[in-house]
Protein chains: 2
Amino acid sequence: MGAMPQPPAPRKTTGRPARISRTEILRTALRIVTDEGVARLTMRRLASEVGSTPMALYHHVRDKEELLLLLLDDYAAQHLHRPSTAPTEPRERVIAAATAIHEVLADCPWVVEVLTADDLMSKSALWFVEQIVDGLTACGLTLESAVHGYRAIWYYTAGEIVIRTTAAHRRAADDRPTYRERVFTDLDPDELPRLAEVSDRWAPLTAQDIYVHGLTALVNGLLARPD
Amino acid sequence: MGAMPQPPAPRKTTGRPARISRTEILRTALRIVTDEGVARLTMRRLASEVGSTPMALYHHVRDKEELLLLLLDDYAAQHLHRPSTAPTEPRERVIAAATAIHEVLADCPWVVEVLTADDLMSKSALWFVEQIVDGLTACGLTLESAVHGYRAIWYYTAGEIVIRTTAAHRRAADDRPTYRERVFTDLDPDELPRLAEVSDRWAPLTAQDIYVHGLTALVNGLLARPD
DNA sequence: ACCTGAACACCGTTCAAGT
DNA sequence: ACCTGAACACCGTTCAAGT
């Protein structure tokens, strides 16, 4: 869960009226991050886009890290909608909830910076976490094992996002051949026979989306071995 | 595989003798990163530690990103040792290879920055990748499915490192209560019954190391469902 | 209460010049 | 070939002051 810091502190009626609001700051920040990537989001840039000074921002957010967390919270709240009908079969409910979280995160590459800056996600994600934990218990796991299972799913999901996102980012910005290309052209088939055998299929193979495949395997494995 | 850029280009005998070497740069960088964390590794700081100027570094590495990748390559080469005896049972070989990679990465928190900056690991890790892919095929998967399985394992492993490392980092630097603490104290038991039920056990539960547990489940699931 | 200006203490990297 | 000095174009954040 990302740190959702205190709400803007209920507006007092005394004092100078605010010229910029936290909402406006977050809206602008989200636009910058969506259009140009998280690297381009600086406090100075953001300040000028909302027509203010860098220091005015610090009156609405504690620091840049809090800004990023608020941004993820906001994003999740807007995009993570509970389905009108969830599967009744609990195993399927687990898969569906994890896939929902994954889809939302996969659509905003900038989350990586935030994921690695905090441990979990927004309040909006709690319902999905509940679905996963509850689904696993409904399949026979103890509550403790279900929580562990949820964490394994979260590791897998976050890892997929982090790795795939940065790999894509790299590919885009890359003129020079990747390390993989260089290494895979001169594999020793005696030492690494399997890798040598797939070396020329590696790129298309690893370009395939295997999230659901791996997720299903993981969930099956978690349920087959309830300790 | 991290980008291992060209080796330092075989030393020519003409020209000025080098005052600093790539090896010396990497040794110093590794010390900084180990002692004080990757955030403290700046080109300027590194230059002064090797007794040189920032720009001298650019004669030995292309840029900071290449420096970090070289660092991971170096680290993996030094710490990722092939075991003298590997399990004969292929499923166990897969688990052992993944665990070996995980252990080395888990011991150097700074890898997170590098993992998210490139897609995979060093050349030294290839043997372990081979063990995983070969072990999975030996259990009956096609070569393609084995590669997909390897990727699922890699996502899970990288995710565990990234999430656990940054969570630990956060805990250390944190005075204010975490978002989880704030959220978990006022869960609605009607809406989120399972989470409410575990809310006070959540912290110790998620502090447990479940890497091997999840890995085993994932591998079992991958093998039980070879499509 | 909210905002500003100036300053502090940094970054990575380029460029032109030295030896 | 290797290294230096100075500069460019930035950062996040603090502090003291204004309205």
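Chain A is the first sequence line, chain B the second, and so forth, proteins listed ahead of strands; every chain is numbered from 1. Reckoned from all heavy atoms, side chains included, excluding hydrogens, waters and symmetry mates. Just so it is clear, the structure is predicted and the values come from calculations on it, not from any experiment.
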d([atom1], [X]; [atom2], [N]) in whole Å:
X: B:Ile25; N: D:dC2; atom1: CD1; atom2: P; answer: 11 Å
X: B:Leu68; N: C:dG12; atom1: CG; atom2: P; answer: 10 Å
X: B:Arg62; N: C:dG12; atom1: CZ; atom2: C1'; answer: 15 Å
X: A:Tyr58; N: C:dC8; atom1: OH; atom2: P; answer: 18 Å
X: B:Arg22; N: D:dA1; atom1: CZ; atom2: P; answer: 17 Å
X: A:Leu67; N: D:dG12; atom1: CG; atom2: C1'; answer: 12 Å
X: A:Leu57; N: D:dT13; atom1: CG; atom2: P; answer: 10 Å

Spacing of B:Leu26 atom CG and B:Leu30 atom CG [to the nearest 0.5 Å]: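 Output value for this atom pair is 8.5 Å.
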Positions of residues 27-47 of chain A (non-hydrogen atom under 4.0 Å from DNA chain C), listed by number: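 Of all residues in residues 27-47 of chain A, the ones placing a heavy atom under 4.0 Å from DNA chain C are A:Arg44.
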For A:His79, all residues meeting ring-ring contact (aromatic ring centres under 6.0 Å, His included), sequence neighbours excluded: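 ring-ring contact (aromatic ring centres under 6.0 Å, His included) list for A:His79, sorted by chain: A:Tyr75.
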Set of residues satisfying ring-ring contact (aromatic ring centres under 6.0 Å, His included) with respect to B:Tyr155, sequence neighbours excluded: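 Listed in chain order: nothing, the list is empty.
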Flag for B:Thr99-B:Tyr211: side-chain donor and acceptor within less than 3.5 Å: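 No, no side-chain donor-acceptor contact under 3.5 Å.
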Heavy atoms of other groups near A:Arg40 CZ, more than 12 under 6.0 Å: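 Not more than 12 within 6.0 Å, no.
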CA sep, side-chain torsions, deciding dist, call: A:Glu144, A:Val147, side chain to side chain contact (heavy atoms under 4.5 Å, CB included): CA-CA 5 Å; A:Glu144 280 78 7; A:Val147 171; 5.9 Å; no
A:His59 side chain, from C-beta outward: closest of C:dC2, C:dT13, D:dT13: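 The answer is C:dC2, which lies nearest to the side chain.
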Of the listed nucleotides C:dT13, D:dC3, C:dC2, the one nearest the side chain of B:Ile20: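 Shortest atom-to-atom distance from the side chain points to D:dC3.
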Parallel, tilted or perpendicular, as decided by the 30° and 60° cut-offs, for the rings of A:Trp202 and B:Tyr150: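 Taking A:Trp202 first and then B:Tyr150, their aromatic rings sit tilted (interplane angle of 30° to 60°).
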Separation between the C1' atoms of D:dC3 and C:dA16, rounded to whole Å: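 Result for the C1' pair: 13 Å, nearest Å.
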Distance test, side-chain N/O of B:His60 to OP1/OP2 of D:dC3, below 4.0 Å: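 So the side-chain polar atoms of B:His60 do come within 4.0 Å of the phosphate oxygens OP1 or OP2 of D:dC3, strictly under.
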side-chain contact (heavy atoms from CB on, under 4.5 Å) partner of B:Glu66, chosen from B:Leu69, B:Asp63, B:Leu68: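 Of B:Leu69, B:Asp63, B:Leu68, side-chain contact (heavy atoms from CB on, under 4.5 Å) with B:Glu66 is met by B:Asp63 alone.
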Side chain A:His59, main chain A:Met55, donor-acceptor under 3.5 Å: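 Such a contact is absent between A:His59 side chain and A:Met55 backbone.
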Backbone N/O of B:Pro54 and side chain of B:Arg44: donor-acceptor pair under 3.5 Å: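 No; judged by distance alone, with no hydrogens or angles, the pair does not exist.
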A:Asp134: side chain to side chain contact (heavy atoms under 4.5 Å, CB included) partners, not counting sequence neighbours: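 A:Arg93, A:Glu130, A:Thr137, B:Arg194.
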Polar atoms only, N or O, under 3.5 Å: list the protein pairs with nucleotides 4-6 of chain C and their distances.
unit_1 : atom_1 : unit_2  : atom_2 : d
C:dT4  : OP2    : A:Ser52 : OG     : 2.8
C:dT4  : OP2    : A:Thr53 : N      : 3.3
C:dT4  : OP2    : A:Thr53 : OG1    : 2.9

Secondary-structure stems, DNA chain C, at least 3 Watson-Crick or G-U base pairs under 3.5 Å: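 Only these stems qualify: C:4-8 with D:12-16, C:12-16 with D:4-8.
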